[in-house]
There are 2 protein chains.
Amino acid sequence: MSQPVVRRLPVEVVSSSAGAVPTTIAISVVGKLTDKPADVGDTKRRILDAAEELFMEHGFEATSLRLITTAAGVNLAAANYHFGSKEELFQAVFTRRLDPMNNDRMALLAAYEAAADGEPLTCERIISAMFIPALKLARDHEQGGKNFLRLLGRAYADPAPFIREFLSRQYAEMIGRFRAAFAEALPHLPREEVSWRLHFVMGALSYTLAGSDGLKLISQIRPEDVDNDELLLKRLAPFLAAGLRAPVGTAQDQQQWFSESD
Amino acid sequence: MSQPVVRRLPVEVVSSSAGAVPTTIAISVVGKLTDKPADVGDTKRRILDAAEELFMEHGFEATSLRLITTAAGVNLAAANYHFGSKEELFQAVFTRRLDPMNNDRMALLAAYEAAADGEPLTCERIISAMFIPALKLARDHEQGGKNFLRLLGRAYADPAPFIREFLSRQYAEMIGRFRAAFAEALPHLPREEVSWRLHFVMGALSYTLAGSDGLKLISQIRPEDVDNDELLLKRLAPFLAAGLRAPVGTAQDQQQWFSESD
DNA sequence: AAAAAGTTCAAACGAGCGTTTGAAACAAGC
DNA sequence: GCTTGTTTCAAACGCTCGTTTGAACTTTTT
């Protein structure tokens, strides 16, 4: 009854970072768990797939292991056998896709920077480096990439401490790199303001990806566009780029914003 | 063992909408439940206060009625006696503060419009109408307004269907009014684009209010500012105003954003 | 082919959940 | 002061939860 060997997959990110301007950035989406031709690791993958979908649909607390294992067509005890606990299963669902995505983001940013030849990047370019790997997942219909983006957006707002700590850990490196890039792109902006705006960017991104269809509909977003993550990101990106470039307000300006009297 | 009489409070919003430019907008934050001098309705209020804090801290599913009633210092059965069910208690927590806040928002918007004398409002003005009532709650330290804003932000991302439907219902009217105002303020923008951008504004607002402290810290937001909702809103507002005014991209522009090759 | 290691399975454990019950305590009206 | 209606209380109900168990089955190693 020992735990199975943990399979660590090498994350392969092709970043043509040296020398010439990259004309194409190749990005690995996620590694398939195929050590052997057939169904080795099949149970683990089936549990992960079912968990990803059900956690997305109902949240962590409201999703029982019985629901997951039934949907996956495996025995209840398999979840604890392969992942140890429900919390560890939840984290496994995330690391499977989040690590590659964030690595892709950083590799893409590095490739852009290498291509820029020392010049600071535009905000649009940096936002692209954040969004393109997410878009890869959104476009990934065979595997559950679409589900995962929603799950990710919702996990951001989940109050469970272990989720918050886990996400902070997973994001720390990527956020640091992008903060530095934005700071270079916006040299007139105080570093503190850059930090806030990066926070707003991450927030708008995760919220809109997680967004309730109902709330989209009362904003009168067309029903056929509600599920279209690609369209969403293409509209969100210019919105955020403009926000990032907003002139920094003086204390006087800020006072004026929220004074209730003239 | 009959249900107690539901006390419906009149929401009083003073909107000096007629004629002259309003120099001061008076806003009722929330009515106290004091039918009688002393502790009538005290049990209900204690349960609501405890529920507000605990739902904020742990989420709906992870907060048990036993936890709430113990924190409130009342008997377990009191929750079901006064509110019927856990779901109805949750909704009661929201209506207590959300209805007044959204009414204040609409009244403030109407007052601004009346003062503008037919001219379209600026984006900043409209955003102020959204943010000031929220700021009132954030500044409200005696009552649990601060907790409530976080709870609200997190509820937006909660997957539970009854929560999503409830919030959609609560927000429908207010969103409709503000969409119309933004459409007037941004006449060059297609109505569809206005809907999307309003959605982004609501998203950024709720996410940043709900935001995990940990995620704020890895964005290198100063620890002493993490809990400062007022500072947050003052920085968020110019960011969003700039985003709202962003030029609308052509199909060509959008293509360029996410193409992986030049 | 035997032994070892890894994996699946049905069943159960103890704990916590939302809700209900019926009696006790309290308040107001006559 | 008794009645009536409201509120509180301790206790329990039925159910689902995450996790554990030990035997059966399968795969790999020797």
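As the structure is a prediction and not an experimental result, all values here were calculated from the model. Letters A, B, ... mirror the listed sequences (proteins, then strands); counts begin at 1.
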Check whether any side-chain nitrogen or oxygen of A/Asn80 sits under 4.0 Å from OP1 or OP2 of D/dT19, and answer yes or no. yes

In sequence, state the C-alpha distance, the side-chain angles, and the governing distance for A/Phe90 and A/Phe94, and then conclude on ring pair (Phe, Tyr, Trp, His ring centres under 6.0 Å). CA-CA 7 Å; A/Phe90 188 81; A/Phe94 275 79; 4.9 Å; yes

Please determine whether ring pair (Phe, Tyr, Trp, His ring centres under 6.0 Å) holds for the pair B/Tyr156 and B/Tyr171, giving the CA-CA distance in whole Å, both sets of side-chain angles, and the decisive distance to 0.1 Å. CA-CA 11 Å; B/Tyr156 262 109; B/Tyr171 269 96; 5.4 Å; yes

Categorize B/Ala78 for me: base, sugar-phosphate, or nothing, with a 4.0 angstrom heavy-atom threshold over every strand shown. nothing

Just how far, in rounded Å, is P of D/dT7 from CD1 of B/Ile47? 12 Å

Per B/Arg66 side chain, nearest of listed nucleotides C/dC17, C/dC9, C/dT7: C/dC17

Base, sugar-phosphate, or nothing: which does B/Thr69 touch, judged by heavy atoms less than 4.0 Å apart? nothing

CG of A/Leu67 versus P of D/dC15: gap in Å, rounded? 19 Å

In whole angstroms, the gap separating C1' of D/dT16 from CD1 of A/Ile68 amounts to 15 Å

Which atom pair, heavy atoms only, marks the closest approach of A/Val93 to A/Phe148? O-CE1, 3.9 Å

Nearest-Å distance for atom pair CG/P, residues B/Leu76 and C/dG16: 14 Å

Atom NZ of A/Lys86 to atom P of D/dT20: distance rounded to whole Å? 15 Å

Return no unless some side-chain N or O of B/Thr43 is found under 4.0 Å from OP1 or OP2 of D/dT8. yes

Give a yes or no on whether a salt bridge exists between B/Arg46 and B/Asp49, defined as a side-chain N under 4.0 angstrom from a carboxylate O. no

Hey, which sits more toward the 5' end of DNA chain D by its nearest nucleotide, A/Thr63 or B/Gly73? B/Gly73

To the side chain of A/Tyr81, which of C/dT7, D/dT7, C/dC9 is closest? C/dT7

When you check the phosphate oxygens OP1 and OP2 of C/dT8, does a side-chain N or O of A/His82 lie under 4.0 Å from one of them? yes

Over how many whole Å does the gap from B/Asn75 atom CG to C/dG22 atom C1' extend? 13 Å

Honestly, is B/Lys86 close enough over B/Phe60, meaning NZ or CZ under 6.0 Å from the six-membered ring centre and within 45° of the axis? yes

Which nucleotide in the set D/dT19, C/dC9, C/dT19 lies at the smallest distance from any side-chain heavy atom of B/Leu65? C/dT19

B/Glu61 CD - D/dT16 P separation (whole Å): 14 Å

Just the rounded figure in Å: distance from P of C/dT20 to CZ of B/Phe83. 16 Å

Would you say A/Ser64 reaches D/dC17's phosphate, i.e. side-chain N/O to OP1/OP2 under 4.0 Å? yes

